[in-house]
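Some notes on the structure that comes next.
Throughout, residue positions are numbered sequentially from 1 according to the sequence presented.
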Amino acid sequence: MITQDAAPVADFEEHRPRMFGIAYRMLGSAAEAEDTVQDAWLRWSSAGREDVEHPGAWLAKVVTRLCLNRLTSARARREEYVGPWLPEPVLTGDGALGPLESAEQRDSVSMALLVLLEQLTPVERAVYVLREAFAYGHREIAGLLDLTEANCRQLYRRAAVRVAAGRAAGPRPRFEPDPAQWQSLVETFLTAARDGDLARLEGLLTADVRYVADGGGIVGAARRPILGPDKVARFLVGALRKFAAGLPISFAEVNGEPALIVGGTVLQVETEGGLVREVRSVVNPQKLEFLQRQLSRS
């Protein structure tokens with residue numbers, strides 16, 4: 001039996017996963033999402049229970065508003081970020097970001113989409129995330145953001161158009177490969193890179209392949225995307241020899257997609273038609289702290 005004093009804690013914990021999921025999709029940072037949820041707890045613990053009719057809606061509103069405040073300052077920081085910016089990777093096989101059973105749900109936490117969401121204004125991003133990832137109705141979103149329903153519809157349409165344009169301008173729309181085929185291709189890809197077999201490695205890459213790394217200026221990483229099979233192959237051979245020699249490599253689900261954990265860093269390999277079309281690497285140690293905690297628990 002839950003006591004009166006324990007009831008607010010139980011209510012909060014019941015909604016914690018959704019709050020973290022909203023905050024992560026809004027901010028692209030697990031650390032900031034955790035801080036946001038903690039800030040929401042402070043507001044929740046000091047709120048009068050008589051003022052809260054529906055805990056889930058109340059907490060979702062608080063978290064969303066806190067994220068809007070954080071996004072305003074985050075934009076300035078990211079304009080000064082050294083090199084490409086990628087979201088903080090999160091292991092998702094254990095449901096850390098909520099159910100990811102459909103392709104749409106997995107797409108809502110993919111690194112590719114989270115990078116695109118950086119182009120939106122904070123309120124556009126809030127509307128888009130709440131609608132696309134959590135299936136909130138426009139009336140519900142209007143209540144969470146203190147906007148009119150018509151304004152929310154307009155914001156959603158604008159955000160959807162901008163996301164679609166970003167997808168069209170970037171790499172071709174991703175598709176979900178068969179896990180066994182993906183792993184087989186990636187193992188072949190790794191073997192060729194480790195052996196320094198440039199000809200074989202280039203043959204595994206699409207003509208428009210690109211490599212993107214996020215080191216944040218803290219560790220050595222390419223500060224611009226590397227484009228084309230010849231340059232990507234040469235870079236990967238050199239990088240694996242220099243930074244990954246002897247390190248353990250394991251497979252995991254990261255941000256809803258299969259990925260490699262290389263000595264604690266993350267390497268996502270996107271494939272298409274049996275070839276590698278994009279490689280994303282997160283090596284910024286500050287962005288790997290949440291994932292490292294996940295790995296230590298598992």
Side-chain angles (χ1 to χ4, degrees), residues 83-87 89-93 100 102-116 163-215 221-245 247-263 265-283:
W85 179 92
L86 292 173
V90 175
L91 295 176
T92 48
L100 300 178
S102 68
E104 292 76 13
Q105 288 173 326
R106 288 187 288 277
D107 183 60
S108 77
V109 297
S110 70
M111 287 198 174
L113 178 65
L114 292 175
V115 169
L116 285 178
V163 169
R167 290 189 195 273
R172 294 174 297 282
R174 73 186 186 96
F175 74 104
E176 299 196 354
D178 174 79
Q181 293 178 348
W182 178 89
Q183 184 165 333
S184 176
L185 172 59
V186 170
E187 287 175 345
T188 303
F189 164 84
L190 283 174
T191 298
R194 282 174 158 174
D195 293 346
D197 190 339
L198 287 172
R200 188 181 186 195
L201 185 57
E202 286 185 41
L204 296 171
L205 309 176
T206 63
D208 58 352
V209 66
R210 69 177 200 154
Y211 171 88
V212 181
D214 181 340
R223 295 193 176 186
R224 292 183 180 179
I226 297 173
L227 309 176
D230 175 64
K231 292 181 179 179
V232 169
R234 291 181 182 279
F235 179 85
L236 286 172
V237 167
L240 284 176
R241 283 178 175 172
K242 185 175 182 180
F243 300 111
L247 292 178
I249 297 178
S250 59
F251 294 91
E253 182 185 292
V254 175
N255 287 67
E257 300 177 286
L260 296 167
I261 308 297
V262 184
T265 64
V266 171
L267 199 70
Q268 276 197 332
V269 181
E270 256 188 48
T271 65
E272 178 184 63
L275 299 174
V276 173
R277 73 172 187 180
E278 181 161 348
V279 180
R280 290 184 290 269
S281 177
V282 181
V283 294

Check whether any side-chain heavy atom of Thr265 sits under 4.5 Å from a side-chain heavy atom of Val282, and report yes or no.
-> no

Steps toward side-chain contact (heavy atoms from CB on, under 4.5 Å) verdict (Leu91, Val254) | CA-CA 5 Å; Leu91 295 176; Val254 175; 3.9 Å; yes

Determine the minimum heavy-atom distance between Glu272 and Thr206, stating which atoms define it.
-> O-CG2, 4.5 Å

Determine the minimum heavy-atom distance between Gln268 and Pro258, stating which atoms define it.
-> CG-O, 4.4 Å

Between Ala192 and Leu204, the two heavy atoms sitting closest are CB-CD1, 4.5 Å

Lys/Arg N to Asp/Glu carboxylate O, Glu257 vs Arg280, below 4.0 Å = yes

Does anything in residues 223-239 pair up under side chain to side chain donor-acceptor pair (under 3.5 Å), and if so which pairs, sequence neighbours excluded?
-> Asp230-Arg234

Under 4.5 Å between any side-chain heavy atoms of Thr92 and Arg106, yes or no?
-> no

Does some side-chain heavy atom of Val232 sit less than 4.5 Å from a side-chain heavy atom of Leu227?
-> no

For residues Arg167 and Leu116, determine if any side-chain heavy atom of one lies less than 4.5 Å from a side-chain heavy atom of the other.
-> yes

Is there side-chain contact between Arg210 and Val212, with heavy atoms separated by less than 4.5 Å?
-> yes

Might you point out which heavy atoms bring Ala244 and Val262 nearest each other, and give the distance in Å?
-> CB-CG1, 3.9 Å

Taking all non-hydrogen atoms of both residues into account, name the closest pair between Ala213 and Ala221 and its distance.
-> CB-CB, 4.1 Å

Is the backbone N or O of Leu113 less than 3.5 Å from a side-chain atom of Ser110, with the two atoms forming a donor-acceptor pair by type?
-> yes

Which distance, rounded to the nearest 0.5 Å, do you find between the CG of Leu267 and the CG of Leu190?
-> 7.5 Å

Mind jotting down which residue pairs meet the side chain to side chain donor-acceptor pair (under 3.5 Å) criterion with at least one end in residues 193-202? Sequence neighbours excluded, please.
-> none

When you measure from the side chain of Asn255 to the backbone N and O of Met111, does any donor-acceptor pair fall under 3.5 Å?
-> no

Val283 side chain reached by Asp214 side chain, heavy atoms, under 4.5 Å | no

Heavy-atom distance under 4.5 Å between the side chains of Leu275 and Leu205, does that happen here?
-> no

Set of residues satisfying ring-ring contact (aromatic ring centres under 6.0 Å, His included) with respect to Phe235, sequence neighbours excluded = Tyr211

Using atom types as modelled and distance alone, determine if a side-chain donor or acceptor of Thr188 lies under 3.5 Å from a backbone N or O of Ser184.
-> yes

Step by step, work out the side-chain contact (heavy atoms from CB on, under 4.5 Å) result for Leu260 and Val266.
-> CA-CA 6 Å; Leu260 296 167; Val266 171; over 6 Å; no

Is the Trp182 to Phe189 ring centre distance short of 6.0 Å?
-> no

For the residue pair Ser108 and Gln105, what are the closest heavy atoms and their distance?
-> OG-O, 2.7 Å

